[in-house]
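We use all heavy atoms of the structure for the numbers below, so side chains are in, but hydrogens, waters and symmetry mates are not. Along the sequence shown, residues carry numbers from 1.
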Amino acid sequence: MPESGNEWLTLASEICSVIGAPSALISLFLLYRQLIEKKRLNQLVSVVLRCTDNKRKITPEIQLRRKYTTRAEVQGVLGTIKMREESKRYKLEYLNKKRFGDDIESLQDPGKKGVKHNLIVIECSPEEIEQFDPAAVNTL
């Protein structure tokens, strides 16, 4: 048992060292994970409108940061595609399906192992792709 003040100080210092070293390592590990996640969330994501039957697609030039990839932002990017008839809004059935929400969620969720894609593919019918200006449509 320590008797003097210096011995108590030494003992307290050793206890702090034993507790502090693992805490510092854990903090460094958590900082590293945060940096990796920040890098992942800043990756660019492309939106592609792909026709299911005849292999046509539209890829808007605008890309989104993964952290900003939401339903509204994807629809905003799709809204930048020139329409065949001006001042009309596009109608895409895929945007009303659960799969669309799942696609966005899989981009956002860091726990999804194996999800490394930086692409949201919006499937559309030949009739739906005809809404858009033919100059915007590319062949696969």
Over all atoms of both residues, closest heavy-atom pair of [X] and [Y]:
X: Leu49; Y: Ile81; result: CD2-CD1, 4.4 Å
X: Thr69; Y: Gln108; result: O-NE2, 2.7 Å
X: Val47; Y: Val74; result: CG1-CG1, 4.2 Å
X: Asp109; Y: Arg40; result: C-NH2, 4.1 Å
X: Glu123; Y: Tyr94; result: O-CB, 3.2 Å
X: Met83; Y: Lys88; result: CG-O, 3.4 Å

Would the distance check show the side chain of [X] and the main-chain N or O of [Y] forming a donor-acceptor pair, the cut-off being under 3.5 Å?
X: Ser27; Y: Ser23; answer: yes
X: Gln75; Y: Ala72; answer: no
X: Gln131; Y: Arg84; answer: no
X: Asn42; Y: Lys38; answer: yes

Is there a side-chain contact between [X] and [Y] (heavy atoms, below 4.5 Å)?
X: Thr10; Y: Glu7; value: no
X: Leu95; Y: Tyr90; value: yes
X: Phe100; Y: Ile104; value: yes
X: Leu119; Y: Val45; value: no
X: Leu64; Y: Val77; value: yes

Treat each ILVMFWY residue as a node, draw an edge where side-chain heavy atoms are under 4.5 Å apart, and state whether Ile36 and Leu28 are in one component.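 In one cluster: no.
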
Side-chain heavy atoms under 4.5 angstrom apart, residues restricted to Ile, Leu, Val, Met, Phe, Trp, Tyr: same cluster for Tyr32 and Leu35?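 Shared cluster, no.
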
My understanding is that only residues two or more places apart in sequence, or in another chain, count here; which of them pass salt bridge (charged side-chain N to carboxylate O under 4.0 Å, His left out) with Glu127?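 Per chain and number, Glu127 pairs via salt bridge (charged side-chain N to carboxylate O under 4.0 Å, His left out) with no residue.
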
Looking at [atom1] of [X] and [atom2] of [Y], how far apart are the two atoms once the value is rounded to the nearest 0.5 Å?
X: Lys67; Y: Leu41; atom1: NZ; atom2: CG; value: 7.0 Å
X: Ile122; Y: Glu93; atom1: CD1; atom2: CD; value: 12.5 Å
X: Glu73; Y: Ile62; atom1: CD; atom2: CD1; value: 10.0 Å
X: Asn96; Y: Arg99; atom1: CG; atom2: CZ; value: 14.5 Å
X: Thr80; Y: Leu78; atom1: OG1; atom2: CG; value: 7.5 Å
X: Lys91; Y: Cys124; atom1: NZ; atom2: SG; value: 15.0 Å

Verdict with reasoning, Arg66 to Gln43, per side chain to side chain donor-acceptor pair (under 3.5 Å): CA-CA 6 Å; Arg66 184 181 301 270; Gln43 291 173 339; 2.8 Å; yes

Quick one: list whatever passes side-chain hydrogen bond (donor to acceptor under 3.5 Å, both in side chains) with Lys98, sequence neighbours left out.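 Counting only residues at least two positions away or on another chain, Lys98 forms a side-chain hydrogen bond (donor to acceptor under 3.5 Å, both in side chains) with Asp102.
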
